[in-house]
Amino acid sequence: MAKTNITPREKDYSQWYLDIVDAAEMAEASGVRGCMVIKPHGYAIWELIQAAMDKRIKETGHVNAYFPLLIPKSYLMKEAEHVEGFAPQVAEVTRAGGEELAEPYVIRPTSETIIGATYAKWIKSWRDLPVLVNQWANVMRWEMRTRPFLRTSEFLWQEGHTAHATEEEAERETLMILHDVYTDVVERVMAIPVLRGLKTENEKFAGALRTYAIEAMMQDGKALQAGTSHNLGQNFARSFEIKYTTPDNREEFCWTTSWGVSTRLIGALIMAHSDDDGLVLPPQVAPIQVVVIPIFKSDEERAQVMEAVDRITADWRDRFRWKLDARDHLSPGFKFNEWEVKGVPVRVEIGMKDVAKGTVALARRDVPGREGKSFVEQAGLTERIAAVLEEIQKALFDRAQRFREEHMFEADTYEDFKTKVGRGFVRVFFDGTGEDEDKIKSDTKATVRVLPFDQPEAEGVCFYTNRKTKRQAIFARSY
RNA sequence: CGGGGCGUAGCACAGCUUGGUAGUGCGCUCGGUUUGGGACCGAGAGGUCGGAGGUUCGAAUCCUCUCGCCCCGACCA
């Protein structure tokens with residue numbers, strides 16, 4: 001009998017992804033085109049990511065607030081580049097209360113405009129700055145083609161919006177979020193290594209001066225933009241008249257930023273770590289870190305096994321997120337598979353043999369099969385599990401990093417580039433224009449993911465234009 | 001919006017060509033036996049066959065219209 005009904009990655013990566021989402025009960029289709037129901041297991045993962053992000057957002061001086069779902073259409077129209085970028089994706093509300101509205105509302109695709117209009121009222125003096133606000137919200141962008149978590153018409157995210165007195169301060173904020181919040185959470189909590197850098201003009205946020213991003217590599221060698229941080233310059237400040245009076249009584253426009261990560265991170269989590277048996281979760285974002293499966297035949301055995309379970313789990317309450325699976329109509333084998341598919345990092349099996357020997361069976365999700373299963377003493381089990389959870393967290397990051405290194409290429413010529421770009425990231429000297437990027441994209445489906453922060457000292461030759469340049473870019477196909 | 005496909009039980013599908021009692025597997029309910037890698041036996045519940053119209057003695061099946069969904073391509077956190 002087949003172990004799972006999950007399509008192997010090698011056969012069809014895209015179907016594998018959909019199968020994982022379904023089998024692990026993370027999300028399902030809804031009655032609304034392009035919108036998913038996030039099921040409890042998927043949502044619990046989101047809550048853990050959210051908690052880690054929220055903690056760091058607050059530690060870095062920001063506060064949470066909430067702005068409306070609906071935005072007057074005229075607001076969206078104010079920033080020219082912004083309108084052009086978002087107009088095709090915006091849903092509008094034209095009727096309410098049984099009547100045609102005098103001015104339509106748009107359902108927010110992002111909140112720069114309504115927050116800009118608000119900040120114009122909040123900010124009068126240099127003493128009011130900086131304004132450091134974040135909101136957790138849903139947004140809607142009408143997408144032609146959707147995939148659970150990776151791209152849905154409605155998605156959940158956080159969007160930070162800050163206003164500053166100087167360009168330098170806004171730039172510092174933009175980079176601080178990228179490094180200290182986004183990279184920290186994605187690498188340390190989600191165990192996904194990221195590349196950091198600047199987006200090209202082609203790839204930046206509509207209305208931004210500059211966009212910085214973290215990019216993660218998926219197991220099929222494609223890139224996933226995992227978070228973006230924008231220095232908006234004075235673009236929105238001018239459109240919305242976000243102005244302040246300086247200490248020497250001059251009126252100046254503010255410098256604003258915005259930055260966000262979304263439920264797409266759950267897609268990254270799946271595609272970075274999971275295998276053909278199901279979801280694999282880093283312990284820090286696992287809703288259940290340890291599952292205990294008791295095994296017994298008679299009521300008498302049950303009593304003995306459960307007594308041992310109570311004993312070994314007595315001090316777990318504040319240590320682990322754990323669950324006892326005592327459902328007695330299901331076989332142990334069924335339960336093993338079910339919790340594996342759902343990505344639970346550690347499984348403890350305990351039956352009569354263990355009761356007799358004072359042991360348990362301990363299985364690691366990141367090491368499938370017999371290899372990941374060992375028999376350990378009940379004494380000291382709590383500490384042992386704590387250590388194993390840390391090992392798994394580290395092992396997943398190391399594995400993902402190794403994978404990325406193995407799929408990181410360099411290319412000197414366009415021909416060479418073409419042979420490599422389908423397999424991973426390609427780092428090249430590049431001084432091409434936006435038109436060149438478009439051409440490369442239509443030829444190869446690859447785009448500049450980032451102009452990495454770690455640029456070389458030495459000059460090289462652009463792989464596309466053959467001109468000398470010091471600028472390097474990382475190209476990849478992306479989600 | 002173009003190209004392709006599909007709507008039959010909670011899910012996956014067969015039945016349609018050639019009209020005649022609506023089926024199979026999984027799941028679900030009940031009873032019993034089971035339980036160290038997806039247990040088994042028995043009994044049972046569950047359907048306006050996407051919708052509307054038409055042809056016919058009779059339509060899941062044939063015809064017309066309609067609605068919805070999925071996949072592939074053009075947009076994107």
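In the text below, chain A, chain B and the rest are named by the order of the sequence lines, each starting its count at 1.
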So which protein nitrogen or oxygen atoms get under 3.5 Å of nucleotides 69-75 of chain B's nitrogens or oxygens?
residue : atom : partner : partner atom : Å
C72(B)  : OP1  : R145(A) : NH2          : 2.2
C72(B)  : OP2  : R145(A) : NE           : 2.6
C72(B)  : OP2  : R145(A) : NH2          : 2.1
C72(B)  : O5'  : R145(A) : NH2          : 3.2
G73(B)  : OP2  : R145(A) : NH1          : 2.5
C75(B)  : O2   : E143(A) : OE1          : 3.2

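- For K439(A), the salt bridge (charged side-chain N to carboxylate O under 4.0 Å, His left out) partners two or more places apart in sequence, or in a different chain, are D443(A).
- Residue pairs that meet the salt bridge (Lys or Arg N to Asp or Glu O under 4.0 Å) test with at least one member in residues 60-77 of chain A, sequence neighbours left out, are K73(A)-E92(A).
- Taking the 5.5 Å centre cut-off and the 30° plane limit, the aromatic side chain of F155(A) is classed as stacked on A77(B).
- For C75(B), there is no paired nucleotide, since no Watson-Crick or G-U wobble pair has both relevant distances below 3.5 Å.
- Spacing of P atoms, A45(B) relative to G53(B), comes out at 32 Å, to the nearest Å.
- The stretch residues 343-354 of chain A touches RNA chain B through R347(A), E349(A), G351(A), M352(A), K353(A), D354(A), each having a heavy atom within less than 4.0 Å of the strand.
- Pairs of residues two or more places apart, or lying in two chains, that qualify as salt bridge (Lys or Arg N to Asp or Glu O under 4.0 Å) and include a residue from residues 38-54 of chain A are E28(A)-K39(A), D54(A)-K58(A).
- Residues passing the salt bridge (charged side-chain N to carboxylate O under 4.0 Å, His left out) test with E377(A): none are found, sequence neighbours excluded.
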>> For S111(A) and E159(A): C-alpha separation, side-chain torsions, deciding distance, then whether side-chain hydrogen bond (donor to acceptor under 3.5 Å, both in side chains) applies.
In response: CA-CA 8 Å; S111(A) 304; E159(A) 45 178 325; 2.7 Å; yes
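- E371(A) is linked by a salt bridge (charged side-chain N to carboxylate O under 4.0 Å, His left out) to nothing, counting only residues two or more places apart in sequence or in another chain.
- At a cut-off of 3.5 angstrom, counting only N and O atoms as typed in the model, there is a donor on one side and an acceptor on the other between the side-chain of K373(A) and the base of G37(B).
- Using C1' as the reference atom, A59(B) and G54(B) are 11 Å apart when rounded to the nearest Å.
- For residues 76-87 of chain A, every residue pair satisfying the salt bridge (Lys or Arg N to Asp or Glu O under 4.0 Å) rule, not counting sequence neighbours, is listed here: E81(A)-K204(A).
- For residues 6-18 of chain A, the pairs satisfying salt bridge (Lys or Arg N to Asp or Glu O under 4.0 Å) are R9(A)-D276(A), with sequence neighbours left out.
- Within the structure, a side-chain polar atom (N or O) of S331(A) is placed less than 4.0 Å from OP1 or OP2 of A39(B).
- Residues of residues 197-214 of chain A that place a heavy atom closer than 4.0 Å to RNA chain B do not occur.
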Name every donor-acceptor pair, under 3.5 Å, that has one atom in a side chain of residues 345-352 of chain A and the other anywhere in the protein, sequence neighbours excluded.
residue : atom : partner : partner atom : Å
R347(A) : NE   : E349(A) : OE2          : 3.0
R347(A) : NH1  : E340(A) : OE2          : 3.1
R347(A) : NH2  : E349(A) : OE2          : 3.0
E349(A) : OE1  : K373(A) : NZ           : 3.0
E349(A) : OE2  : K373(A) : NZ           : 2.9

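- Evaluation of the salt bridge (charged side-chain N to carboxylate O under 4.0 Å, His left out) rule for E300(A) yields no partner, not counting sequence neighbours.
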